[in-house]
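These notes concern the structure reproduced below.
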Amino acid sequence: YNWFMYVLSVEKVGKKYTPRQKLILALPLIISASVSLLLYGLKPELMFTPDLSTTFVSTMMLVLVPFIYIIAILIYTVRKAVGAKTREERTTHIRIGTLPLAIVFGGLLQVIMLESVQIFCYCCSIVMIIFYIQSIESQVSADPLTGLNNRGQLQRYVQQNSTLFREGLKTYVAMIDVNDFKK
């Protein structure tokens with residue numbers, strides 16, 4: 001749920017959510033937690049085997065809600081990518097939408113093959129770290145008002161691009177300062 005809300009904020013969904021809207025967005029999480037607790041209290045054998053291994057039902061309860069949020073994010077970002085005006089914007093939406101597919105893959109592996117290993121949790125963590133690094137990188141590299149690359153990004157590009165430095169060739173960089181450009 002928190003990751004879902006984070007993606008909505010990065011995607012700059014224009015609404016400030018009221019408590020009622022946040023509750024509606026959290027309903028899958030609330031329902032899943034309630035059903036899990038209820039099943040554990042009334043029929044613990046549905047959740048755990050006698051040797052305290054998880055059952056298929058408990059694994060599904062663990063995986064189902066994140067799948068709902070992942071599918072919601074995927075649908076939202078694909079719709080945003082289709083309506084994007086620039087290639088950069090489209091790429092950002094696609095990246096945000098496809099990162100959760102690693103989570104889906106991890107969840108399927110866990111449910112189908114390796115129920116005792118929490119692959120799903122590891123995949124969630126890795127995707128969130130990648131997503132966080134990419135969002136921070138874009139904030140550091142671009143001007144917040146214009147969205148254009150800044151001087152720091154130019155320096156990183158020059159340092160990483162070894163083709164700029166060839167024996168016997170000179171490299172030139174032109175920078176233009178336009179007065180009142182942001183206005």
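Just so you know, these numbers use all the heavy atoms, side chains as well, and skip hydrogens, waters and symmetry mates.
With rounding to the nearest 0.5 angstrom, the CD atom of E45 is 9.5 Å from the CG atom of L39. Interatomic distance, I133 CD1 to I129 CD1, rounded to the nearest 0.5 Å: 7.0 Å.
Judged as a side-chain hydrogen bond (donor to acceptor under 3.5 Å, both in side chains), and not counting sequence neighbours, the contacts of T49 are D51.
Note on L38: it does not cluster hydrophobically with F56, by side-chain heavy-atom contacts below 4.5 Å among ILVMFWY residues. Under the 4.5 Å side-chain heavy-atom criterion for ILVMFWY residues, a single connected hydrophobic cluster contains both V35 and Y40. Grouping the Ile, Leu, Val, Met, Phe, Trp and Tyr side chains by contacts below 4.5 angstrom, directly or via other members, places L46 apart from L37. No path of Ile, Leu, Val, Met, Phe, Trp and Tyr side chains, each step under 4.5 Å between heavy atoms, connects I73 with I94, placing them in separate hydrophobic clusters. If you chain together hydrophobic residues whose side chains sit under 4.5 Å apart, I24 and I30 never meet in one group.
In terms of modelled atom types and a separation under 3.5 Å, the side chain of T55 and the main chain of M47 share a donor-acceptor contact. Formation of a donor-acceptor pair under 3.5 Å by the S36 side chain with backbone atoms of S32 is found in this model.
Contact check for S53 versus F48: no side-chain heavy atoms found under the 4.5 Å cut-off. When side chains are defined from C-beta on, Y69 counts as touching L29, because their heavy atoms get closer than 4.5 Å.
Nearest heavy-atom pair, T77 versus L74, reported as atom, atom and distance to 0.1 Å: OG1-O, 3.2 Å. A84 approaches R90 most closely through the heavy-atom pair O-NH2, 3.4 Å.
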